[in-house]
Amino acid sequence: MFKKVLFSIVGFVLFFILAAMGISMMYKNDIKELITQTANEKLQAHFQFEDASISLLSHFPSLSIEVENSSIIGKNEFKNDTLAQIPKLSVQIAPLAYLLNKKIEIQDVSIEQARFNLIILPDGKMNWDIYQATPSEAPQQKSDHNMSISLDHYQLIDSKIHYTDQMRGFATQLIQVNHEGSGDFSKDIFTLNTSTEVEKLSFEFLGKTYLSEVKGKLEAPIEMNFSKMEFAFKNNDLFLNELPIHFDAWVAMPDTSINMDIKFHALKSPLKDFLSLIPLLYQNSFQDLQASGDFALSGYAKGKMNGSSMPSFGMDLRISKGAFSYAKVPVGVKQLELDLQIDNPDGIPDHTVIDLKKFQLYMNNQPLQANLFLKTPLSNPYIKTSLKGVLNLGEIAKIIPQKNTQMSGTIQSDIQLDGYVQAFKQAQGKASGYFNAHQIQYNNTETQQKISIKNASATINPKLLVISSLVGNAANTEFSASGSLQNYVQYFLKNDKITGNLTLESPLVDLNPWMKSRDGNAAMNSRSSTSASTASTASSADLQIPKNVDFTIQSNIDKLLFKDLVISQAKGKIHLADQVISMDDLSFQLANATWKSTGTFSKKDHQNPSVKWAFNIQDLNMQEAHHYFSLVQKLAPIAAAAQGKVDVDFTYSGELNPDLSPNIMSTNAVGNMDLVDFSLKNSTSFNQLLSLTQWNQLKNLELKPTHLNFQISQGRLQFKPFEVQTNLTKFQVNGSNGLDQSLEYNILTDIPAKTLQSGVAASLNQQLAKLNPNLNLEKIQQALKMQITVRGTVQKPQFKVNVINAQGNSNSSVTTQAKELVKQEAKQQINKQLDEAKVKAEALKQEAEALSQKLRQEAYANADRLVEEAKNPFAKIAAQKIAERLKKEADRKADALLEEADKKAQELIEKARQN
C-alpha cells in the first residue's frame, strides 16, 4: 500500500513539475487547461483545481509552483468519493539542475490542510490506485540513463486522513496531522528522517473502538532501500498521549503485496501512562491523577498484506495491583486487574480470538467483575461472558471528574452469556441475568441535558431482553415504558438489526430541548421562513434516526410539545425501522381540532428529511391554521383574515427544510375541504373588492357550507372550479395562488340587481332605462353576471370587474353593454309575436279543415240517400245525377273554406314579422 501511495503522489507531483517547466511562458489559462488535461490522462480519476501559478521570483533561484483548491474524485465504484481535497499544494524545484545536469531536483513539496479519504472495498479495490502510465512511458524511462529525480524535503500540514478497510474491518482517522520528511531520494539506499504529530487518532476494528481521539507523536528515521523496496524502522518510540510504545518494523514491497514484521511493547510502564488512553481520564485534570500498579503491553503483526490476505497479529495487555485516584477525592479505584489477549494466527479476520480472561476492580469497596471470550467474530460469533457488580455513578463522577457534568444513582447487574449467535437467534444457548437501575440522575450544564431514571429493570433469556419497567424523565419529557427486544446479542456484537415491541406512556413529551442547535440557541418556530436556517436554528443534520433497529411502539401521550405546537391526547402505533418512522392510526388534538393520520417520516444519512402523510382534520379554525402552519402561511395567506372552520382530508408528501419546516417547492398534496361558517369580513382584499364594486350588501355576506377540491404542486395551490352559495347570490370560483404570493383567480356571480344601488351593475340598469323605458328590466337583470378577475400578489391584489350576459359576452363600456341587451330583448319580443301568429294560423287551418270535412260528409250522405230512395229505374237515374251534382257542390265549398283559412294564416304571420 505504501508503495502505491508514494508512487501515486510522486508521479502526480512529477507531472506538475514537467508541465510547469515546459509551459512556463504560456498564458495562465493555457497552463490550467494543459494541467487538467494531462492529469486526467495520467489518473484513473477526475482531477480539477481552481488556480495555478508559476514563479521564479518568490523563492529565487528556485522555481515555485502553487496549485490552489485541487481535488481528486474517483471513477466507477468510487465516483461518489473524494480521494483528496487539497486547498494548497506548493512545489519548489531547481531549474538550473535540470538545464545543466538533466536532473529534476525537487527541493520541497508542501501540502496544507488537505483531506484524504482512503478506501478499500470488500473486494480489495483501492481508491488511491489511480496512477496509470501510458505505454510510451516505459521505454523512454529505460533508455534515458542521464535523467534523475531527487526530493529533499516534503511536509503535510494540518491535514486529515481517513482510512477505511471494508475487507478487513479496519478504520482509522487522523485529525490535525503534521508530518515532514527529508532525505536524498536520488539514491537507492538512504535514511529518511521523519517527524509526525497527530492531534486526534482513532482506531476501530470489527465495529469496536480501541483508540478514541488519542494524541500521537513519532520521530522515526527510516532506512530506505529502493533497490529491494525494503524499509526498516529501528528503535523507534511512538507516543500515544503519555504512553511510549517502543517498536521495530520491517516492511518490503517486492510486488503488489506488502511483507511486514512489526513488534511493539511497553513493558513495565507506569499505569498512569496507559490510563492516558482513556479519554475521560486524560481530558479531565490528568496531571492530578495518582496511579500505581504494573502495566505491560506487547504485540506483533507479521506476514503478507494484499488484496486477499492480511498478516497475522496479536496483542497482550496486563494490569495487576492497579489503583488510581485524585488526591482531593476520598474514593478511587483499587485492586484493578486486567488480562486481555487478542490473537490472529493467520491473518484471516474470522480467526481472530479476543480473550478477556479477567477484569476486576473495586470502587469504594464494591466489586465489579467481568470476563469475555469471543471467536469467529465474522461468520458466527461465539461469545462467553459474564458481568457482575454495582456501579455507583456518583462515585464514578468523583473518581473521574467531568467538567459541567453531575451524575448519581446506581446500576446493578449480574448476567451470563454462553453460545453462538446463530443459536441465540433460535432461542438456544445460555443467557440469564438482570439489570437494575435506581435513581439515575445525569445533568450536563453546558448542553443543558438532564436525564433522570427513577427505576429500570430488565432480564435476559436466550431469545429476549425483557424490559419490565422503565420510568424516567429526559429534558422535560416524562415517560414510562415496557416491552421486549430480540436479537440483542447480535446487535451488540455485530450491529445486526435489533427488533422490539414496546409500550410508551407519557403525560408530557417536550421535543424542543432536543431541537437545540450546536450553539445552544432554541430552534425557530414553525412559522419560520422556507429559506435555509441560520446557525442559531435547529438543523435536521443534528437529527439522527438509529440504524439497524426495528421497533414497534404503542404510544399514549397526554401532551406533546414541538416548536410552538401543543399536541394532546396522542395515541397510535409507531414503527421505527430502516431510518424511517411510520405512524399508523395516529389520533390527536391540535389547534383545537381533531386529527387522524397515517404516514412516514424518513431521515436517511446525508439526506434531507422527507414525509409521506395522510390527514383527516375536523373543525380546524382558519386563523389558528394560519398561525401554526407555514404551509398555510405560504399557500393560503388569506386564512389570516378568515373566520370560520374547515374540515380537511388530504394526502401530503415532500421534503423538509433543515429547520424541519416543509420545503414547499417539493410538496405534493391532493385533497378536499369543507368550509363551515366561513367569512372574509376582516380581509383587506375583500374590503378592496367591496369598494370597487360598491356592492354594499357584501358586508353582510354569509357563506353556506362549501366543498372544495385542491392540489399542491410546484409551489402552487390549485383549486378545481367550485360553487359557493351565499345569502345574496352564488359564486363560481376557480384559480390558484403560489409560493411567490402571486394570485390567479376568476370569480363569476349572478347579480341580484334589486340590491345594487350604485356601481357597475347599477350604471348598467340606468343605461337600459334610457334606451327603452318599456323594457322588462327585471327580466334582463336575470341574465346579468359579474365577472371578477384577481391578479397581482397577496400584498397588492389587482381586481378587475366586468358585467356580462348569461352567454358570457363582456364589454368594457357599460353603454355598449346596455345597447346590446336592448337588441337582445327586442329580438326576443319579435320572436315571441311570430310564434304566437304561427299558433293562430295553425288553428285557423285546423278549424277550416274540420268544417270542410263536415260539409263533404253531410253532402255525400244526402246524395247517397236520394239514390237509395228512388223506386223505379227512371227515378233512380234521375236521383244519381242529382247526387253527383250535390257532391261536386260540396267539394267546391270545402276547398273554398281551406283556401280562405290558409290566406288568413299567412296574413297573421306576415303581420307579426312586420311588427
From CA spacing to verdict: side-chain contact (heavy atoms from CB on, under 4.5 Å), Y442, I453: CA-CA 9 Å; Y442 173 88; I453 305 296; over 6 Å; no
F629/L590 under side-chain contact (heavy atoms from CB on, under 4.5 Å): CA gap, chis, key distance, verdict: CA-CA 11 Å; F629 306 116; L590 172 61; 3.7 Å; yes
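In this structure the side chain of F562 never reaches within 4.5 angstrom of the side chain of V509, judged on heavy atoms. Side-chain contact between K573 and D585: absent, with no pair of heavy atoms (C-beta onward) separated by less than 4.5 Å. By the 4.5 Å heavy-atom criterion applied to side chains, I451 and I440 are not counted as neighbours. Using a 4.5 Å heavy-atom cutoff, the side chains of V648 and F710 are in contact. N487 has its side chain out of reach of D496: every pair of non-hydrogen atoms, C-beta onward, lies at least 4.5 Å apart. Residues T726 and V724 form a side-chain contact, since some pair of their non-hydrogen atoms from C-beta on lies under 4.5 Å apart. Residues N734 and F719 are not in side-chain contact: their nearest non-hydrogen atoms beyond the backbone lie 4.5 Å or more apart. Put simply, the side chain of F601 reaches to within 4.5 Å of the side chain of L656, judged on heavy atoms.
Going from atom CG of N476 over to atom CG of L561 covers 8.5 Å, rounded to the nearest 0.5 Å. Atom NZ of residue K796 and atom CG of residue L743 lie 13.5 Å apart, to the nearest 0.5 angstrom. Atom CD1 of I557 sits about 12.0 Å away from atom CD of E478, to the nearest 0.5 Å. Here the CG-CG distance, from D674 to L708, works out to 8.0 Å after rounding to the nearest 0.5 Å. Atom OG in S482 sits 7.5 Å away from atom CG in L502 (nearest 0.5 Å). The CG atom of L508 sits 6.0 Å away from atom OG1 of T477, with the distance rounded to the nearest 0.5 Å.
A distance-only check finds no donor-acceptor pair linking the side chain of S469 to the backbone of I467 [under 3.5 Å]. Side chain of T749 to main chain of K730: a donor-acceptor pair is present (N/O by atom type, distance under 3.5 Å, no hydrogens or angles). In this structure, S484 contributes its side chain and L464 its backbone to no donor-acceptor pair below 3.5 Å. Distance alone, capped at 3.5 Å, places no donor-acceptor pair between the T503 side chain and the Q554 backbone. The closest donor-acceptor contact from the side chain of D558 to the backbone of Q569 lies at 3.5 Å or more, if one exists at all. At least one donor-acceptor pair closer than 3.5 Å links the side chain of S555 to the backbone N or O of G572.
S468 is linked by a side-chain contact (heavy atoms from CB on, under 4.5 Å) to S457, counting only residues two or more places apart in sequence or in another chain. The side-chain contact (heavy atoms from CB on, under 4.5 Å) check on K720 picks up N709, with sequence neighbours excluded. Qualifying side-chain hydrogen bond (donor to acceptor under 3.5 Å, both in side chains) partners for Q725, counting only residues two or more places apart in sequence or in other chains: E723. In this structure, the side-chain contact (heavy atoms from CB on, under 4.5 Å) partners of K645, at least two apart in sequence or on a different chain, are D619. Here K612 pairs with T600, S653 under the side-chain contact (heavy atoms from CB on, under 4.5 Å) rule; sequence neighbours left out.
The two residues I617 and L620 have their closest heavy-atom pair at CG2-CB, 3.9 Å. The two residues R716 and S742 come nearest to each other via the heavy atoms NH1-OG, 2.8 Å. Nearest heavy atoms, L485 versus G500: CD2-CA, 3.8 Å. The two residues F435 and S413 have their closest heavy-atom pair at CD2-CB, 3.8 Å. P662 approaches N657 most closely through the heavy-atom pair O-ND2, 3.1 Å. Shown here for K450 and N443, the closest heavy-atom pair between the two residues is CG-OD1, 3.3 Å.
In this pair, F650 and Y652 present their aromatic rings perpendicular. The plane angle is above 60°, beyond the 30 to 60° band.
Around the NE2 atom of H438, the shell of radius 6.0 Å holds no more than 12 heavy atoms that belong to other residues, nucleotides or ligands.
With no hydrogens or angles considered, no side-chain donor-acceptor pair links N392 and T410 at under 3.5 Å. Looking at Q441 and S452, their side chains do bring a donor and an acceptor atom within 3.5 Å of each other.
Pairs passing the ring pair (Phe, Tyr, Trp, His ring centres under 6.0 Å) check and including a residue from residues 477-505, sequence neighbours excluded, do not occur.
Ring-centre distance between W595 and F588: below the 6.0 Å cut-off.
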